[in-house]
Number of protein chains: 2
Amino acid sequence: MSEQQPSLDEQIAIYQREYRDLDPRVEKVVNALSRLDRRMNVAYGRQLATLDLGSAEWEVLKELVMVGEPYQLWPGSIARRLGLTPAAMTHRIDRMLAQGLVTRERDPDNRVRVIIGLTDTGREKWLQVMRRASVFEEELLQDLSGDERVQLGDLLTRLLRRVEHAQPDAGGRLTDLD
Amino acid sequence: MSEQQPSLDEQIAIYQREYRDLDPRVEKVVNALSRLDRRMNVAYGRQLATLDLGSAEWEVLKELVMVGEPYQLWPGSIARRLGLTPAAMTHRIDRMLAQGLVTRERDPDNRVRVIIGLTDTGREKWLQVMRRASVFEEELLQDLSGDERVQLGDLLTRLLRRVEHAQPDAGGRLTDLD
DNA sequence: TGTGTACTCTTCAACATTGAAATTTAGCTT
DNA sequence: AAGCTAAATTTCAATGTTGAAGAGTACACA
């Protein structure tokens with residue numbers, strides 16, 4: 001009935017008691033990953049709050065910067081990348097328009113489509129967030145040597161490959177997102 | 001204006017163009033982590049759906065199993081662990097009660113408090129999910145040797161330590177969650 | 001040229017989460 | 001023992017997301 005979360009090793013020990021066939025090495029990786037991501041998001045969330053930005057807006061900003069010049073994307077494409085419904089995008093963009101972070105105009109090539117563009121204000125906001133985020137990220141990796149950072153990046157990239165280029169062929173159980 | 005997400009390396013290259021001081025090794029780790037977590041959650045979400053379970057319910061189930069016997073927790077404690085408001089917990093538990101996954105009773109020691117307990121149905125549900133999840137997880141780590149799995153687990157654990165035992169003393173920017 | 005089909009975005013109602021106020025209880029202080 | 005403060009949960013109104021339906025546009029094919 002403890003108030004605080006058990007340590008990762010405690011968690012895995014209990015999981016194994018519940019389900020003997022579980023591989024503790026695999027569980028350690030997977031659960032550490034998910035714990036880390038939660039912590040990172042809490043940290044980002046706090047920094048965003050000090051910049052009057054919600055994490056919803058931040059996600060969209062990131063996608064727009066991520067495509068590079070000229071910082072344009074269709075709403076549906078953003079929605080798919082973020083795993084949201086198009087309806088949610090409509091509303092997010094409404095809000096971001098009001099804050100001057102993005103523009104919305106009809107696509108001349110296909111008038112059903114809409115083009116979302118990043119404003120200078122939006123790009124500046126992205127930069128402000130990244131400046132703070134990079135301080136946190138550096139702190140997070142503090143204990144790792146240069147070699148270890150590269151090693152970790154490589155291992156994670158190899159996992160990512162499995163899951164980002166997953167063809168759902170051959171009874172594949174892996175996820176496709178786009 | 002591409003339809004699909006840029007690769008991790010493309011993403012980082014663009015980030016660096018926007019913000020020169022960014023350390024690509026750090027960015028690679030952090031962004032790979034966050035991409036992986038998103039993919040994993042999509043995969044889990046699909047498996048949960050086939051078991052008529054929402055990810056909200058799954059999160060609560062996990063916390064209850066994670067504390068071990070006798071599988072009891074206060075609503076506020078669950079809320080803090082999951083980063084939710086107490087109000088959200090009230091509603092989640094309402095739903096889970098209706099599905100017979102948990103019980104809710106007053107704490108005899110402090111009648112303001114409430115004790116949420118796992119039912120046998122709930123524990124069985126957890127097991128069903130884990131049986132499927134472990135297949136996916138094994139597939140995810142497929143390309144890593146036994147040594148590499150341990151190595152990855154260790155590196156991630158070291159990051160986690162930085163962030164889970166963070167005292168916000170000394171101007172610390174790291175997050176505290178509980 | 002006309003029709004059908006597919007696609008994109010928006011609108012709408014239902015549901016989940018949030019933040020704040022309200023309620024109830026415990027524990028401390030005097 | 002009374003009153004004050006702090007804590008846990010629930011209730012309520014407001015906001016965000018979802019799924020489905022609707023409106024508009026492009027493309028293929030007859």
Side-chain angles (χ1 to χ4, degrees), chain A residues 1-4 38 41-42 45-46 48-49 52-61 63-64 72-99 101-117 177-178, chain B residues 1-4 38 41-42 45-46 48-49 52-61 63-64 72-99 101-117 177-178:
Chain A
M1 197 79 162
S2 68
E3 181 61 12
Q4 58 177 355
R38 179 188 300 282
N41 286 331
V42 170
R46 293 188 180 171
L48 292 173
D52 286 311
L53 201 66
S55 53
E57 288 78 14
W58 170 238
E59 286 185 338
V60 175
L61 237 40
E63 291 300 327
L64 280 167
Q72 291 181 339
L73 236 28
W74 300 297
S77 173
I78 308 179
R80 273 187 298 277
R81 289 157 183 249
L82 298 180
L84 296 173
T85 61
M89 270 327 289
T90 299
H91 299 311
R92 281 196 184 187
I93 289 171
D94 286 344
R95 281 175 268 147
M96 295 180 75
L97 266 177
Q99 301 172 55
L101 298 171
V102 298
T103 59
R104 168 160 53 191
E105 47 185 293
R106 298 225 148 264
D107 187 335
D109 293 340
N110 181 336
R111 294 220 299 287
V112 164
R113 281 193 163 151
V114 167
I115 297 183
I116 306 303
L177 190 59
D178 302 316
Chain B
M1 199 76 162
S2 68
E3 182 61 10
Q4 60 176 355
R38 177 188 302 283
N41 286 332
V42 170
R46 293 188 181 172
L48 292 173
D52 285 312
L53 201 67
S55 53
E57 288 77 16
W58 170 238
E59 285 185 338
V60 175
L61 236 41
E63 292 300 326
L64 280 168
Q72 291 181 338
L73 235 27
W74 300 297
S77 174
I78 307 179
R80 274 187 296 279
R81 290 157 183 249
L82 298 180
L84 296 173
T85 60
M89 270 327 289
T90 298
H91 299 311
R92 281 196 184 186
I93 289 171
D94 287 343
R95 280 175 269 147
M96 295 180 74
L97 266 177
Q99 300 172 57
L101 299 170
V102 299
T103 58
R104 168 160 53 191
E105 46 185 294
R106 300 226 145 263
D107 186 335
D109 293 340
N110 181 337
R111 295 220 299 286
V112 167
R113 281 191 162 151
V114 166
I115 296 183
I116 306 303
L177 189 59
D178 301 316

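Lettering follows sequence order; numbering is per chain, from 1.
A donor-acceptor pair under 3.5 Å links the side-chain atoms of B:R38 to the main chain of A:L82, judged by distance alone.
Rounded to whole Å, the distance from CG on A:L73 to P on C:dC9 is 10 Å. Between the CH2 atom of B:W74 and the P atom of C:dA26 there is a distance of 14 Å, given to the nearest Å. Between the P atom of C:dC9 and the CG atom of A:N110 lies a distance of 9 Å, rounded to the nearest Å. Atom CZ of A:R113 and atom P of C:dC7 are 11 Å apart (whole Å).
Residues passing the side-chain contact (heavy atoms from CB on, under 4.5 Å) test with B:A56 are B:R92, B:R95, sequence neighbours excluded. In this structure B:D52 satisfies the salt bridge (charged side-chain N to carboxylate O under 4.0 Å, His left out) test with no other residue, sequence neighbours excluded. Residues passing the side-chain contact (heavy atoms from CB on, under 4.5 Å) test with B:T85 are B:A87, B:A88, sequence neighbours excluded.
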Restricting to nitrogen or oxygen on both sides, can you table the protein-nucleotides 16-18 of chain C pairs closer than 3.5 Å?
residue	atom	partner	partner atom	Å
C:dT17	OP1	B:R92	NE	3.2
C:dT17	OP1	B:R92	NH2	3.0
C:dT17	OP2	B:R95	NH2	2.6
C:dT18	OP2	B:T85	N	3.2
C:dT18	OP2	B:T85	OG1	3.2

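Contacts of A:R104 with the nucleic acid, taken as non-hydrogen atoms under 4.0 Å apart, involve only primed sugar atoms and P, OP1 or OP2. Note on A:P75: only backbone sugar-phosphate atoms sit closer than 4.0 angstrom, heavy atoms only; bases stay farther off.
Side-chain contact between A:L53 and A:L101 is present, with heavy atoms from C-beta onward closer than 4.5 Å.
Nearest-nucleotide positions on DNA chain C place A:D94 closer to the 5' end than the other of B:D109 and A:D94.
Residue pairs meeting the salt bridge (charged side-chain N to carboxylate O under 4.0 Å, His left out) criterion with at least one member in residues 105-117 of chain A: none, sequence neighbours excluded.
With rounding to the nearest 0.5 Å, the separation of CG in A:L84 from CD in A:E59 is 6.5 Å.
Residue A:P75 forms a side-chain contact (heavy atoms from CB on, under 4.5 Å) with just one option from A:V60, A:T90, A:I93, and that option is A:I93.
Using a 4.0 Å cutoff to heavy atoms of chain B, the contacted part of DNA chain D runs 5' to 3' from D:dA8 to D:dT11.
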